[in-house]
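Scope of the values below: all heavy atoms of this structure, side chains included, with no hydrogens, waters or symmetry mates.
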Amino acid sequence: MSRHHLDPWVAAFGLILLAQLQRLPLWLSLGAGAAALSGWLLQRYRRRGLRPLWLGVLALASAAAFWGYYRGQFTVDTAASFLVLTVALKWLELGRRRDLFILFFIQCYLAVVTLLFHQSMLWAGGLLVSVFLLFTGLQMALGGRVERMGGEAMKRSALVFVKMLPVVIVLFIFFPRIGPLWSVPLVSDQGMTGLSDSLEPGAITSLAQNDDPAFRVTFGGQTPESGQRYWQALVLDRFDGRRWDRRSPDEGGGISRVPEDAAAGEMAEDEYEVMLEPHGRRWGFALADSVPASTNVSLNHNGMVRFERSVDTRRRYRMKRAQPAQAQRLSESAQRFYTRLPGDTNDRTRGWVAQQRRQSGDREALVRRLMEHFNQEPFHYTLQPEGLGESDTVDALMFETLEGFCEHYASALAFMLRTADIPARIVTGYLGGEPGVDDEYLIVRQYDAHAWVQAWLPGRGWVRLDPTAMIAPDRIENGLRAAMGEDGGFLADDPFSMNRYTDVGWVNWMRLRFDAVNYYWQRWVVGYEGQTQLSLLDRLPGDINRRMLGVITAVLVAVLIMAGVGVSLLRSRRRHFRDPWYRLYDRWCGWLEHRNVAAGRNETLAGQVSAAQQAFPALAADVRALGALLERAFYSPEQLRHIDLARARRLMNAIRKRKPHGRSGNTATAE
């Protein structure tokens with residue numbers, strides 16, 4: 001067995017490990033890489049591996065470290081991490097041929113498992129390359145001539161991939177997509193970013209330095225103006241003097257059915273589709289006065305989008321714009337709850353609000369006065385505000401620092417409204433969105449996170465109030481980048497982010513095209529599930545259901561298998577040689593048979609050459625030259641060069657094309 005057969009496998013494991021670096025702990029990544037590299041070097045240089053005793057000690061120590069780190073976490077993420085550890089340890093146990101096959105299969109399985117965490121087109125291509133390398137290494141490990149020819153092994157693996165491509169495409173399109181009935185949580189919260197279920201100064205500011213996509217939106221009709229794209233998610237209605245959180249969290253746990261994505265068919269004018277990035281929570285995002293248009297989402301008692309289980313993979317759902325519901329009367333208990341404040345805090349703000357209340361005629365006039373105050377006073381919108389201290393944070397903002405981000409001003413306004421006995425609560429979500437290629441969809445990023453206020457007004461219900469619109473209207477109409485133009489804090493923590501250079505034409509063009517490719521890959525390939533499959537096949541004639549899909553798939557696979565068997569039978573009737581020199585010799589024997597030369601395949605090469613020269617004197621020079629090259633190939637292969645094979649092929653072509661009784665020439669032998 002060749003010493004180089006593990007080269008493609010260690011490269012494949014490196015690619016797979018690279019795809020999981022973001023979610024694996026550092027010690028596991030380094031340990032897995034070191035184990036694989038050590039096992040590869042031991043095999044490459046024919047060194048003796050670890051003794052069984054020391055290998056057992058290493059396995060126990062690794063298992064103990066794994067248990068200590070992941071203790072209590074029983075998720076698919078944990079299981080996949082343990083699989084990485086076992087594959088790494090298997091690299092140190094390659095004493096027998098059976099171990100090679102085990103390593104091959106578990107690395108193939110690990111590549112497939114990695115797709116649970118990375119489903120982008122880039123990583124899918126990288127993992128496909130890793131599988132190709134694994135098959136190439138298997139070809140080299142099987143022995144024979146292939147083990148000394150890495151290029152030949154790669155060609156054979158490529159041929160296998162090309163042959164299977166039609167079958168894979170047919171199965172992908174027509175095989176019925178049936179989701180699992182239940183599952184454990186896919187991943188842990190590690191590495192996920194997004195909104196928190198509480199709000200305090202600095203909570204959303206941290207997201208303003210993150211340009212990861214939060215979700216993408218496609219509209220069936222006209223896209224709303226930027227100032228109307230308030231993507232609400234959470235209602236925060238309880239205040240302890242510094243932090244706002246939820247009275248009744250709706251994050252019920254438990255194992256539940258994996259929901260299917262919404263169908264990817266045409267949308268009505270009043271519908272829109274959201275492709276949500278995984279964030280490990282149950283909430284989604286929608287515009288105000290929207291109702292579900294797909295069955296995989298619902299609304300909670302506050303009208304916010306909720307999923308049955310945590311969003312641990314990309315989810316695609318549809319919403320429909322509806323008419324605003326008629327305002328209902330707020331109960332006395334709700335009135336008391338939405339005006340509740342901790343006592344003995346922010347006395348200066350309480351006194352100032354009492355003064356404004358005396359000067360206003362009614363609630364709506366007071367609300368207008370409070371909003372105008374944010375516009376008339378020199379408040380500053382910044383990502384780097386001064387600290388507000390541990391207590392009386394509203395007083396510090398309103399009368400001392402006069403600077404902050406959206407959460408600072410929303411918290412202050414909600415406090416002032418409650419001080420004036422106006423029911424108020426904070427809503428968090430995202431604001432705006434950047435148009436994608438050709439304005440076909442919107443990209444909402446983490447730095448679009450936003451907080452605003454809802455106030456209850458009689459006869460109108462919950463009314464949106466956004467103090468940021470009074471302080472920094474550019475943030476509402478043109479996004480965070482425009483609002484931070486002079487401040488200089490936009491993505492300051494990531495100088496290499498392409499989103500910082502949208503004013504550079506070619507950078508912006510590449511950025512948007514790359515995002516579009518990834519978006520449509522996610523929508524039509526990764527998101528090709530049951531409802532999408534049926535909606536796509538509805539365009540074909542006939543009524544196609546899941547049962548019919550199964551019949552179609554079986555028929556198509558049977559046809560492909562029969563076609564493959566037929567091609568194999570036809571090829572088996574022809575002589576097939578792997579070595580190019582034997583293929584050339586087969587062509588030479590076929591030419592002799594076609595010309596009725598007495599010397600057949602059972603004759604020696606010298607006898608064949610002599611008989612051909614006697615039968616066709618005009619071709620004698622070319623026949624002698626070809627015979628000499630064939631004899632050298634069979635009896636002195638070490639003297640051959642690549643140019644000799646090319647010359648022999650030209651001689652054979654010249655012999656076959658020239659008339660046997662024509663005048664002999666030196667065109668082919670001149671070389």
Side-chain angles (χ1 to χ4, degrees), residues 116 119 173-186 194 214-221 231-235 249-325 429 441-442 444 519-520 522-540 543-550:
L116 294 173
Q119 299 171 351
I173 296 176
F174 293 102
F175 193 83
R177 301 303 178 94
I178 302 174
L181 297 179
W182 64 278
S183 74
V184 296
L186 179 60
F215 56 93
R216 297 173 177 84
V217 190
T218 305
F219 287 90
W231 306 99
Q232 57 189 23
L234 297 172
V235 170
D250 50 5
E251 300 303 306
I255 297 173
S256 62
R257 179 183 174 88
V258 177
E260 288 188 350
D261 279 349
E266 296 293 330
M267 287 185 289
E269 289 287 324
D270 56 352
E271 291 182 348
Y272 58 93
E273 180 183 279
V274 179
M275 180 183 287
L276 181 61
E277 296 292 318
H279 55 73
R281 309 285 184 163
R282 286 187 55 208
W283 59 72
F285 305 92
L287 300 173
D289 301 318
S290 295
V291 295
S294 59
T295 59
N296 58 343
V297 291
S298 59
L299 300 180
N300 68 358
H301 63 282
N302 286 322
M304 304 294 164
V305 172
R306 291 296 179 268
F307 292 89
E308 185 179 355
R309 54 175 282 143
S310 298
V311 182
D312 46 24
T313 60
R314 286 182 178 86
R315 288 282 111 208
R316 186 163 45 81
Y317 60 96
R318 289 191 175 185
M319 303 296 294
K320 180 178 181 179
R321 302 293 299 272
Q323 293 296 326
Y441 62 96
L442 289 177
V444 181
Y519 170 67
Y520 289 115
Q522 295 293 335
R523 190 179 186 201
W524 293 108
V525 179
V526 179
Y528 187 71
E529 296 184 354
Q531 295 300 321
T532 301
Q533 185 182 46
L534 292 176
S535 64
L536 177 64
L537 297 178
D538 280 342
R539 302 177 184 180
L540 301 177
D543 185 15
I544 301 178
N545 52 27
R546 292 187 188 274
R547 171 180 281 184
M548 183 60 67
L549 270 180

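Atom CZ of Arg281 is separated from atom CG of Leu276 by 13.0 Å, given to the nearest 0.5 angstrom. Taking CE from Met267 and OG1 from Thr218, the interatomic distance works out to 5.5 Å, rounded to the nearest 0.5 Å. For the atom pair CD of Gln323 and CG of Asp270, the computed distance is 9.5 Å after rounding to the nearest 0.5 Å. Note that CG of Asn300 and CZ of Arg282 are 9.0 Å apart. Values are rounded to the nearest 0.5 Å. Going from atom CD of Gln232 over to atom CG of Leu287 covers 8.0 Å, rounded to the nearest 0.5 Å.
The two atoms that bring Gly284 and Ala233 nearest to each other are O-CB, 3.5 Å, heavy atoms only. Between Ala293 and Glu271, the shortest heavy-atom distance links the atoms CB-OE2, 3.9 Å.
By the side chain to side chain donor-acceptor pair (under 3.5 Å) test, Tyr317 is found to be paired with no residue, residues two or more places apart in sequence or in another chain being considered. Under the salt bridge (Lys or Arg N to Asp or Glu O under 4.0 Å) criterion, Arg314 pairs with Glu277, not counting sequence neighbours.
Contact of the Tyr520 side chain with the Tyr441 side chain is registered, since non-hydrogen atoms from C-beta on lie closer than 4.5 Å. Between Met304 and Val235, some side-chain heavy-atom pair lies under the 4.5 Å cut-off. Side-chain contact between Tyr272 and Arg318: absent, with no pair of heavy atoms (C-beta onward) separated by less than 4.5 Å. Using a 4.5 Å heavy-atom cutoff, the side chains of Pro278 and Asp312 are not in contact. Side-chain contact between Arg306 and Trp283: present, with at least one pair of heavy atoms (C-beta onward) separated by less than 4.5 Å. Looking at heavy atoms from C-beta onward, Phe215 lies in side-chain contact with Trp231 at the 4.5 angstrom threshold. In this structure, the side chains of Leu442 and Phe219 come closer than 4.5 Å at one or more pairs of heavy atoms. Contact of the Arg216 side chain with the Val274 side chain is not registered, since no non-hydrogen atoms from C-beta on lie closer than 4.5 Å.
Checked for salt-bridge contact, Glu273 and Arg523 meet the test: a charged N lies under 4.0 Å from a carboxylate O.
The closest side-chain donor-acceptor pair between Ser294 and Asn296 falls under 3.5 angstrom.
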